[in-house]
Amino acid sequence: MRGARSWTIFRANPRGYWSLWIFLVVLAASLCAPMIANDRPLIVRYQSHWFFPILRDHPETDFGGDFATNADFRDPYIAGSIRKQGWMLNPPIPYGYGTVNFQVVPPSPPSRDNWLGTDDQGRDVLARLIYGMRVSLVFGFLLTVLSSAVGIAAGAVQGYFGGLVDLSLQRFIEIWGGMPTLYLLLIMGSLITPGFFTLLGLMLLFSWMQLVQYVRAEFLRARNFDYVKGARAMGVGSATIIHRHILPNALVATVTFLPFIMTGSITALTALDFLGFGMPPGSASLGELIAEAKNNLIAWWLSAVAFVSIGGVLSLLTFIGEAVRDALDPRHADSLPSSNVEQTI
């Protein structure tokens with residue numbers, strides 16, 4: 001009943017509702033990046049044999065070549081040999097995030113071959129955008145989940161036990177949160193070889209504090225409820241009380257912050273990539289796209305793609321977060337006509 005009422009309120013916000021669907025489409029497209037943008041065919045039928053280059057490497061000798069090296073399906077000889085004795089199904093965008101188009105003078109404007117143009121190295125911008133979006137969204141999602149888990153656990157311990165435990169953790173959080181996070185990340189990023197999981201671990205050191213205060217406040221309020229006191233008087237363990245009796249109610253308030261935490265995670269990764277302390281050089285990322293635009297101001301399409309893609313994703317997450325916040329607000333639930341709820345159910 002409560003979930004149906006919240007969903008009805010969420011759907012009543014058209015900006016948040018449609019932002020959710022658009023975001024899901026963008027997420028699905030980014031997760032399927034190898035099937036959308038790739039310089040390898042999806043399927044090859046050659047001499048009555050089936051090949052799936054998108055899943056594994058094949059030597060060019062399998063397709064009439066002379067060498068045992070990995071087949072280059074953009075090679076006119078290999079492509080022509082396949083067409084003579086079979087066929088191949090290419091992705092909609094026949095470029096990977098690192099594929100160079102030697103037929104153009106980089107950076108080249110949007111064309112029929114490169115829908116969003118190429119960067120200063122001749123790489124397809126649309127392909128790099130799709131792969132970079134996948135990296136940013138997966139990174140933001142993982143960091144949001146991990147930081148939320150740590151923050152909720154720390155806030156629950158603080159709020160439930162209180163006293164010296166709460167005081168000690170609160171002082172530690174104040175000191176840890178007062179450190180210049182970006183500068184520390186830059187220093188650590190310069191000392192450690194950059195990588196996806198390395199950056200995830202480094203940013204997790206600081207991002208978990210965003211939910212602590214909200215969870216702590218919920219637990220401080222709920223620990224004095226009668227049902228919590230009754231469970232404690234019956235000898236129920238602290239872990240069970242936290243997990244079964246208080247945490248579900250506390251999560252209702254904290255879940256509204258998740259889209260905003262993901263927005264901050266994506267922004268932080270983009271900033272590190274832009275400054276050169278993020279993903280390894282050559283990796284597709286949104287920050288690298290901004291850096292390309294800055295270094296090639298004459299290539300207007302790079303700036304346009306960077307602005308629209310990053311601003312669009314962050315706006316979608318913000319609109320979703322606002323809609324979720326309104327949907328879980330009791331004041332909105334009380335003002336919703338009961339007929340709307342019954343019709344939804």
Side-chain angles (χ1 to χ4, degrees), residues 1-32 129-130 133-134 136-149 151-152 155-156 159 207-208 210-222 225 227 243-270 286 307-345:
M1 183 71 175
R2 184 177 185 178
R5 182 180 294 269
S6 299
W7 175 246
T8 301
I9 299 175
F10 182 86
R11 290 189 60 183
N13 186 331
R15 186 172 64 180
Y17 178 73
W18 288 109
S19 295
L20 175 62
W21 283 108
I22 296 173
F23 177 78
L24 291 177
V25 171
V26 173
L27 177 62
S30 64
L31 293 178
C32 298
L129 173 62
I130 296 175
M133 192 69 69
R134 181 179 66 169
S136 297
L137 294 182
V138 172
F139 184 91
F141 176 78
L142 290 178
L143 184 59
T144 300
V145 172
L146 294 176
S147 60
S148 299
I152 290 173
S207 61
W208 62 271
Q210 300 182 58
L211 278 180
V212 171
Q213 300 304 326
Y214 301 103
V215 178
R216 171 178 175 265
E218 290 293 325
F219 270 77
L220 285 174
R221 179 175 64 90
F225 288 169
Y227 68 88
H243 177 69
R244 294 185 178 180
H245 300 287
I246 304 180
L247 185 59
N249 294 326
L251 288 179
V252 174
T254 56
V255 73
T256 60
F257 295 95
L258 297 184
F260 303 105
I261 295 177
M262 188 171 179
T263 299
S265 302
I266 294 175
T267 303
L269 177 63
T270 302
L286 298 182
F307 174 78
V308 173
S309 59
I310 298 174
V313 169
L314 297 183
S315 298
L316 290 176
L317 288 172
T318 301
F319 295 153
I320 294 171
E322 292 175 350
V324 171
R325 181 187 58 196
D326 294 341
L328 297 179
D329 190 340
R331 293 172 297 180
H332 289 270
D334 294 338
S335 62
L336 185 69
S338 58
S339 59
N340 292 346
V341 178
E342 294 174 357
Q343 184 177 1
T344 303
I345 298 175

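A quick note: this is a predicted structure, and the numbers were derived from the prediction, not measured. Numbering of residues begins at 1 and proceeds along the displayed sequence.
The two atoms that bring Ala327 and Ser6 nearest to each other are CB-O, 3.3 Å, heavy atoms only. Across all non-hydrogen atoms, the minimal contact from Gly16 to Ala323 is CA-CB, 3.7 Å. Between Gly159 and Leu220, the shortest heavy-atom distance links the atoms O-CD2, 3.4 Å. A pairwise comparison of heavy atoms in Ala156 and Phe219 identifies CB-CZ, 3.5 Å as the closest pair. Among all heavy-atom pairs drawn from Leu143 and Ser207, the shortest one is CD1-OG, 3.4 Å. Shown here for Phe23 and Leu137, the closest heavy-atom pair between the two residues is CE1-CD2, 3.8 Å.
Atom CZ of Arg11 sits about 9.0 Å away from atom CH2 of Trp18, to the nearest 0.5 Å. Rounded to the nearest 0.5 Å, atoms OG1 (Thr263) and CG (Leu314) are 6.0 Å apart. Considering OG of Ser309 and CD1 of Ile130, their distance stands at 11.5 Å, rounded to 0.5 Å. Between atom CG of residue Leu129 and atom CZ of residue Arg134 there is a gap of 12.5 Å, rounded to the nearest 0.5 Å. For the atom pair CD1 of Ile152 and CD of Glu218, the computed distance is 11.0 Å after rounding to the nearest 0.5 Å.
Results of the side chain to side chain contact (heavy atoms under 4.5 Å, CB included) test with Ile266 over Ile310, Leu317, Ile261 single out Leu317 as the only residue that passes. Exactly one residue among Thr270, Val313, Leu269, Thr267 makes a side chain to side chain contact (heavy atoms under 4.5 Å, CB included) with Leu286. That residue is Thr270.
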List the steps, then state whether side-chain contact (heavy atoms from CB on, under 4.5 Å) holds for Tyr17 with Phe319.
-> CA-CA 9 Å; Tyr17 178 73; Phe319 295 153; over 6 Å; no

Quick one: do Phe141 and Leu27 satisfy side-chain contact (heavy atoms from CB on, under 4.5 Å)? Show the steps, please.
-> CA-CA 11 Å; Phe141 176 78; Leu27 177 62; over 6 Å; no

Please test Ile246 against Phe225 for side-chain contact (heavy atoms from CB on, under 4.5 Å), starting from the C-alpha separation and ending with a verdict.
-> CA-CA 10 Å; Ile246 304 180; Phe225 288 169; over 6 Å; no

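In the displayed structure, Phe307 atom CZ is contacted under 6.0 Å by at most 12 heavy atoms of other residues, nucleotides or ligands.
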